[in-house]
Structure formats: structure tokens, C-alpha cells
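Let me begin by presenting the structure, written as C-alpha cells, before commenting on it.
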Amino acid sequence: MRTSQLLLPTLREDPIDTVVVSHKLMLRAGMIRQIASGLYTWLPLGVRVLRKVENIVREEMNRTGAQEILMTSVQPSELWEESGRWNQFGPELLRLQDRHNRNFCLGPTHEEVVTDLVRREVNSYKQLPLNLYQIQTKFRDEVRPRFGVMRSREFIMKDAYSFDLSPDGMERSYQNMSEAYCRIFNRIGLNYRAVIADSGAIGGTGSQEFHVLADSGEDDIVFSTGSDLAANIEKAECIAVGERGSPNEVMRRIETPSQKTINALVQDFGLSIDKTIKTLIVKAANNCESGFIALIIRGDHTLNEVKAENHAMVCAPLTFATEAQIREIMNAGPGSLGPVHCPIPVIADRQVAMCSDFIVGANEDGWHYFGVNWGRDCNAPIIADLRNAIEGDLAPDGSGTYQIRRGIEVGHIFQLGRKYSDAMTANVLDDNGKQSSLYMGCYGIGITRIVAAAIEQCHDDRGICWPASIAPFQVCIITIGSNKNPEVDIEAARIKQDIESKGLEVLLDDRILSAGGRFADMDLIGIPVRIVVSHKTLENNEVELKQRTEEIPVRILLKEIVDKVMTLECLKF
RNA sequence: CGGGGUAUAGCGCAGCCUGGUAGCGCAUCUGCUUUGGGAGCAGAGGGUCGUUGGUUCGAAUCCAGCUGCCCCGACCA
């Protein structure tokens with residue numbers, strides 16, 4: 001390919017209204033253009049990268065025995081009503097009607113459609129295990145799209161769905177996918193982690209996320225310093241440290257007229273923050289008579305809403321009581337709540353249960369109790385893991401302490417069990433001739449997001465530095481002084497052809513532009529290897545070779561350049 | 001959905017306060033000269049100033065509504 005024939009609208013300046021580096025660079029490198037909020041057109045350079053990612057994913061999926069299919073993005077509402085998700089999904093599901101006023105949605109995911117396919121076409125356990133996947137456009141009407149294609153509304157996803165007769169089979173299919181995902185991210189060359197995840201609204205039991213580590217990530221990933229244990233912060237288990245001390249203080253009622261927050265309390269009374277307790281009132285699950293539940297965590301901790309919501313006594317989705325409701329139940333405002341004489345059930349975080357001589361609101365405006373102790377001053381609470389992990393917490397496997405880094409979620413795998421197959425009666429006959437509901441798994445990879453994540457991880461101040469596995473071209477050639485020596489163009493074209501014949505993709509920058517402009521553009525779009533053919537180097541029958549990530553070019557004899565390029569480590573993938 | 005910005009040529013911006021010929025840089029086109037880190041000179045083209053309405057002899061400019069886009073928050077397989 002020659003740049004003169006390529007639609008490559010690079011931008012010299014940073015676009016405004018961009019926050020993350022991948023978004024800036026994808027716009028500057030002419031990979032994408034925005035068409036509306038969260039909607040992007042992919043330009044030729046971007047599509048080349050996208051196809052590279054897709055092909056790696058496709059090869060690794062095929063290697064596991066999964067079979068590629070292609071489902072529609074427009075899906076009839078009937079299937080979603082069967083699974084119950086027509087009502088469960090909020091406005092993120094883009095709904096539309098056809099000319100007959102029939103309801104459809106743009107698919108945010110394809111469990112319903114694939115389950116419908118399998119229940120029609122698969123009847124016997126002998127056809128299992130089965131894994132079907134597609135690489136296709138998804139639509140989710142995100143409340144606030146941002147960061148370019150990192151969180152867009154329309155995006156490309158590889159989604160796979162496994163079908164097994166038994167939980168064991170499902171487990172095996174899940175493991176196969178997990179291993180395939182590791183191969184995929186290794187081949188692309190990403191620094192990633194597999195982490196334990198919450199299975200969220202999609203339902204099911206086991207779940208793992210794959211995160212590319214990058215400061216611009218939107219998720220907090222918790223690792224142990226001493227083992228492979230890694231989890232999304234939503235799911236990172238926190239254990240209690242230490243033993244509960246025996247009471248040393250008597251409980252006192254202290255007037256705190258203006259101390260409505262933990263910080264004010266700590267400052268004004270010179271307290272240690274780990275002696276203070278936060279009380280949060282949330283709606284209780286339907287089977288709970290009280291209507292509301294008090295959740296308590298230590299003053300220096302934050303509530304983990306996912307953990308709270310997953311508790312059997314707590315209403316899902318987590319709903320905080322309004323101030324009016326709090327006053328009605330507790331007879332006090334939000335700044336003065338506590339577990340002493342509490343009219344509703346109390347769930348305490350594990351660490352709170354270890355506290356002694358602590359400080360709580362008195363359930364009376366303007367008053368706190370100091371020196372409170374469990375059992376003596378208030379009922380022993382129900383204990384649960386309710387808080388977010390923080391750096392330095394002990395890992396629950398005893399291997400070390402927690403560290404927290406930011407991650408970009410590029411993959412997510414779930415064991416769904418029979419959630420969809422039961423709801424949609426997807427059965428096969430087992431070896432006893434009995435109807436048996438299928439065990440499913442689902443496995444997603446954000447193809448478009450991987451492109452952005454790779455840039456987040458591989459760039460410098462001049463632009464993108466593609467890993468060769470997904471580079472739009474592996475080699476670029478810049479010519480200088482072709483007016484002084486016609487051999488420049490001839491040799492450049494010959495080198496291009498010779499390298500292409502060895503199976504690499506070459507971009508020859510033949511634009512009528514200053515050399516500096518072309519250097520800058522080739523750096524910006526991140527081609528891993530650059531060859532300069534100039535009237536000067538040709539005087540010695542040489543060309544110049546430079547890798548994108550290195551500063552110093554080397555001179556190579558013209559007749560050796562092709563072989564030299566073919567042996568470069570940075571092009572091995 | 002709450003809060004805050006913003007909208008003028010492909011991109012980045014000035015003009016608006018104080019109403020009266022729509023401007024600058026980059027990009028684009030033509031010609032000549034240039035070619036090792038975003039070249040120079042000369043010329044040219046390109047905008048119903050987001051939209052609707054109001055005030056006015058006259059609106060990019062003042063007023064009101066609407067819309068788009070961006071940021072923060074809530075939300076998010």
C-alpha cells in the first residue's frame with residue numbers, strides 16, 4: 001500500500017474534548033471519526049487493526065472447536081420476554097418497532113437468540129458439547145459514552161455460547177475458553193490479568209474478567225502481592241484482621257451538634273478514624289419484614305455496593321433510603337445513625353465486628369455514643385463482607401497484601417448454568433432418553449475495546465507503538481531525495497515488493513510532503529519498523545532501518561535489508 | 001437523569017461585552033522553488049455564524065425556547 005492511495009487523515013494537533021490517550025491517538029492517526037455520541041466510523045487504518053484483532057480471536061476460537069455463526073443485531077422482543085429480560089433491562093436496551101408495530105431491540109448480547117437456535121436445532125446429548133460464536137456489532141445505549149471506542153454505544157464483540165449436558169461439561173467448556181482467552185491476549189501482546197468477577201445482571205455462577213492494565217481503566221483490580229489471586233474490586237473478598245478487644249470504656253452519650261460526617265467527628269474530637277462507624281440505611285429484600293436494613297462499615301472504609309446487593313437480606317438493586325424514610329424509621333437524620341437501639345436489622349462488615357470501644361450515631365440528632373461495644377451495648381450484628389478492599393489489606397488466601405491497579409475490561413466469561421435454557425426450555429434428550437435442560441456458558445471479548453486498550457498500553461509522546469501482531473502494517477518506507485536520484489523511488493518500490501513477497505505488509509509513504517511531516521505521521525500511526533531510502537544512503541548502497549520503539553537508526557546494505565527485516569525480533573508474532 | 005461547559009470554513013480559534021462589509025492559523029487547490037523531523041514565496045477557493053422564534057431600520061453579536069457535543073456525578077454483561 002502507498003500512502004498516496006490510502007485515506008489517512010492524520011491530525012497534527014490533539015483533538016479537543018478527548019480525555020484518554022487512545023481516543024486522542026485514534027483520532028489523530030486517522031483510525032476513527034465520530035458520527036454521534038458513542039458512535040464511530042472506522043477508517044481504513046483502523047479497520048486494518050480491527051481485522052487483525054478479529055483474526056487472532058477467530059483463530060483461537062476455532063482452535064477450541066467453537067464454530068462461527070452470525071446472528072442478527074435486530075432481535076424480536078418475544079425472545080426477550082421469554083427470558084424475562086425485556087423488562088429487566090433498562091434503557092440501555094435500545095428498543096424499536098417495525099412498520100407493523102412489532103417490538104424489537106438492537107442486541108446488546110445474544111443469549112436469547114442463540115438459545116432459541118440451539119433449542120430448535122439440537123435435540124440430542126450426542127450433539128454436545130457445542131460452542132457457537134460470532135464476531136458482530138452490539139448496541140448498548142450507554143448513559144454516558146466516553147473515551148472514544150473504549151465505551152461506545154455501538155461496538156464489535158466476539159461472543160461465544162457453550163452448551164453442555166452437565167455442570168462438569170460446562171466447567172470444561174468454561175476452562176477451554178479461559179485458556180483460549182489467555183492465548184489471545186498473549187498473542188496480541190497485552191499486559192493483562194484474569195480476575196474473579198461479579199456475574200452481575202447476566203446471571204449465573206462462576207465468572208472471570210480479563211483486564212488490560214492501564215491507568216485510564218475504569219475498573220479497580222485487586223491483586224495479592226504473594227499469589228495469583230486477583231479480583232475486580234466488586235468481588236475482592238475482605239477478611240477481618242485482628243481480634244475484637246475487650247471493652248475498656250463505658251458507653252457515653254456525647255453531644256455532637258455540628259458533626260454530621262465522619263471527618264468532622266474525627267477532627268473535632270481528635271478521634272482515630274478506625275474507631276468510628278458509618279451506618280447506611282438501605283431497602284431490604286422482599287422477604288424481610290422490616291422493610292429496611294442498616295449496613296455498617298468502619299469510618300475509613302467504603303461500602304461495596306455489589307457485595308451489599310448480593311446479600312440475601314438486601315434488596316437488589318441496592319436502594320438507599322431517602323432522608324425522609326430514614327427519619328421515619330430511625331427518628332434521626334443520616335448524620336446521627338448507629339446500631340444502638342436500632343429498630344431494624346443490622347448487618348456489620350467483618351472488620352466492624354472486630355471493633356471495640358467504638359463511636360456510633362445515637363439515632364438522635366446531634367448525639368453520638370462513644371465507647372460502644374458489641375453485645376454489651378447493642379445486639380451482636382449479622383456479619384458479612386460489605387466493604388471495598390483497600391491497598392494493604394490482607395489477602396484472604398494469606399499469601400500477602402492487596403495491591404490495587406486500574407484495568408480495562410476486554411473480556412468476560414460466565415458460567416450461566418440453566419438460567420436461559422430453563423427460561424426458554426432448551427432441552428436435549430440425555431442417554432436415558434429423558435429431557436434435560438442445557439448448561440450454558442457465555443464468553444465475550446470487546447474487539448473494538450482491545451484496539452483502544454492496546455494503544456493505552458503501547459504509545460509514547462510521538463504516537464502509537466503497535467505490537468506487530470495487530471499493527472496495520474509491519475513496515476513503512478520513507479523516501480527522501482527522489483528528485484536528486486531517481487534510484488530512490490525505484491529501490492523503495494523494489495524493497496516494498498520484496499518484503500511483501502515474504503508475507504509482511506508494507507506502507508510506502510510516497511506523499512509529496514516534507515520528510516519531517518512523513519516521519520511524524522509514520523511515528524504517529526505506529527508502524528513497528530521504518531526503512532528510509534534516501535539519495536544519501538544510496539551513495540553507499542545502503543538504507544536506514546529503525547524500530548518504532550528505538551531511538552537510533554542503523555544503516556543496512558541494500559542487498560541485505562529484506563533478510564534483515566525478516567529476522568527482526570519485533571516482527572515475530 | 002441531576003450539575004457545569006460549549007456550538008463561527010475540514011481542524012484549532014478570534015470577533016459578541018459596546019448590533020452595521022465574517023476574520024486568523026493550519027489544511028485544501030494552482031504555479032515556482034524546496035526535501036533527514038510537521039518547508040518558502042505568490043495566487044485561489046471554501047462559512048444561510050447549531051436551530052427556531054423575538055427585539056431592531058439592521059442580529060454571529062441582545063433576549064427566549066429547542067437541539068447537538070463534551071466534562072463531573074448517578075448508571076454500566
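Residue numbers start from 1 in every chain, and the chains themselves are labelled A, B, ... in the order their sequence lines are given, proteins ahead of strands.
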Partner nucleotide of B/U6 by Watson-Crick or wobble geometry (both distances under 3.5 Å):
B/G68

Hey, which of these two, A/Asp14 or A/Thr479, hits RNA chain B nearer its 5' end, going by closest nucleotide?
A/Asp14

Does A/Arg530 reach a base, just sugar-phosphate, or nothing at all? Heavy atoms under 4.0 Å.
base

Pair A/Asp215 + A/Arg406, salt bridge at N-O below 4.0 Å:
no

Base, sugar-phosphate, or nothing for A/Glu305, non-hydrogen atoms under 4.0 angstrom?
sugar-phosphate

In whole angstroms, the gap separating P of B/U6 from CD1 of A/Ile16 amounts to 12 Å

Nearest-angstrom distance, P atom, B/U18 to B/U61
14 Å

Any side-chain heavy-atom pair of A/Thr537 and A/Val532 under 4.5 Å
no

Please determine, for B/C62, whether a Watson-Crick or G-U wobble partner exists with both distances under 3.5 Å, and give it or none.
B/G54

Ring pair (Phe, Tyr, Trp, His ring centres under 6.0 Å) between A/Phe210 and A/Phe185: does it pass, once the steps are laid out?
CA-CA 9 Å; A/Phe210 293 81; A/Phe185 300 125; 5.7 Å; yes

Atom C1', compared across B/C63 and B/C1: separation rounded to whole Å:
28 Å

A/Asp521 has an atom CG; how far is it from atom P of B/A27, in whole Å?
12 Å

At under 4.0 Å between heavy atoms, what does A/Phe155 touch on the DNA or RNA strands: base, sugar-phosphate, or nothing?
base

With rounding to the closest Å, how many angstrom separate the P atoms on B/C41 and B/G25?
11 Å

Using atom P in both nucleotides, what's the gap between B/A44 and B/G37 to the nearest angstrom?
32 Å

Evaluate the ring planes of A/Tyr40 and A/His23, with Trp represented by its six-membered ring, and classify them as parallel (under 30°), tilted (30 to 60°) or perpendicular (over 60°).
perpendicular

Just name whichever nucleotide pairs with B/G37, Watson-Crick or G-U, keeping both distances under 3.5 Å, else none.
none

Distance between C1' atoms of B/C32 and B/G36 (Å, rounded):
23 Å

Reading nucleotides 66-71 of chain B 5' to 3', which nucleotides get B (base under 4.0 Å from a protein heavy atom), which S (sugar-phosphate only), which -?
---SSS

Check for me whether A/Arg95 meets the cation-pi criterion with A/Trp86, that is, NZ or CZ under 6.0 Å from the six-membered ring centre and within 45 degrees of the ring axis.
yes

What is the distance, to the nearest angstrom, from the CD atom on A/Glu218 to the P atom on B/C72?
10 Å

Could you tell me the Watson-Crick or G-U partner of B/G73, where both distances fall under 3.5 Å? Say none if there is no partner.
B/C1

Taking the C1' atom of each, how far is B/U30 from B/C49, in whole Å?
29 Å

Please classify the nucleic acid contact of A/Pro108 as base, sugar-phosphate, or nothing, using heavy-atom distances under 4.0 Å.
base

Does B/A42 pair with anything, Watson-Crick or G-U wobble, both distances under 3.5 Å, and if so, with which nucleotide?
B/U30

Using the P atom as the point on both nucleotides, what is the distance between B/U48 and B/U52, in whole Å?
13 Å

Return whichever of A/Ser482 or A/Leu524 has its heavy-atom-nearest nucleotide of RNA chain B closer to the 5' end.
A/Ser482

Under a 3.5 Å limit on both distances, the Watson-Crick or wobble mate of B/C13 is B/G23

Check: A/Asp116 and A/Met424 side chains under 4.5 Å, non-hydrogen atoms
yes

What's A/Gly481 touching, base or sugar-phosphate or nothing? Going by heavy atoms closer than 4.0 Å.
sugar-phosphate

Are A/Asp422 and A/Lys419 close enough for a salt bridge, meaning some N to O gap below 4.0 Å?
no

Atom NZ of A/Lys546 with >12 non-hydrogen neighbours under 6.0 angstrom:
yes

Would you mind telling me which of B/A39, B/G36, B/C1 lies closest to the side-chain atoms of A/Ile480?
B/G36

Take the protein atom CZ of A/Arg548 and the nucleotide atom P of B/G37, then report the distance between them rounded to whole Å.
17 Å

Measure from CD1 on A/Ile233 to C1' on B/C76 and round the result to the nearest Å.
17 Å

Grab the CG-P distance between A/Asn232 and B/C76 for me, whole Å please.
13 Å

With rounding to the closest Å, how many angstrom separate the P atoms on B/A7 and B/C17?
15 Å

Length of the CD-C1' vector between A/Glu92 and B/A74, whole Å
14 Å

Distance-minimising heavy-atom pair for A/Glu456 and A/Ser22:
OE2-OG, 2.6 Å

Mind checking if A/Met522 touches a base, just sugar-phosphate, or nothing, with heavy atoms under 4.0 Å?
nothing

Any idea how A/Phe89 and A/Trp80 line up, ring-wise: parallel (<30°), tilted (30 to 60°), or perpendicular (>60°)?
perpendicular

Nucleotide B/U34, atom P - distance to CG of A/Asn483 in whole Å
8 Å

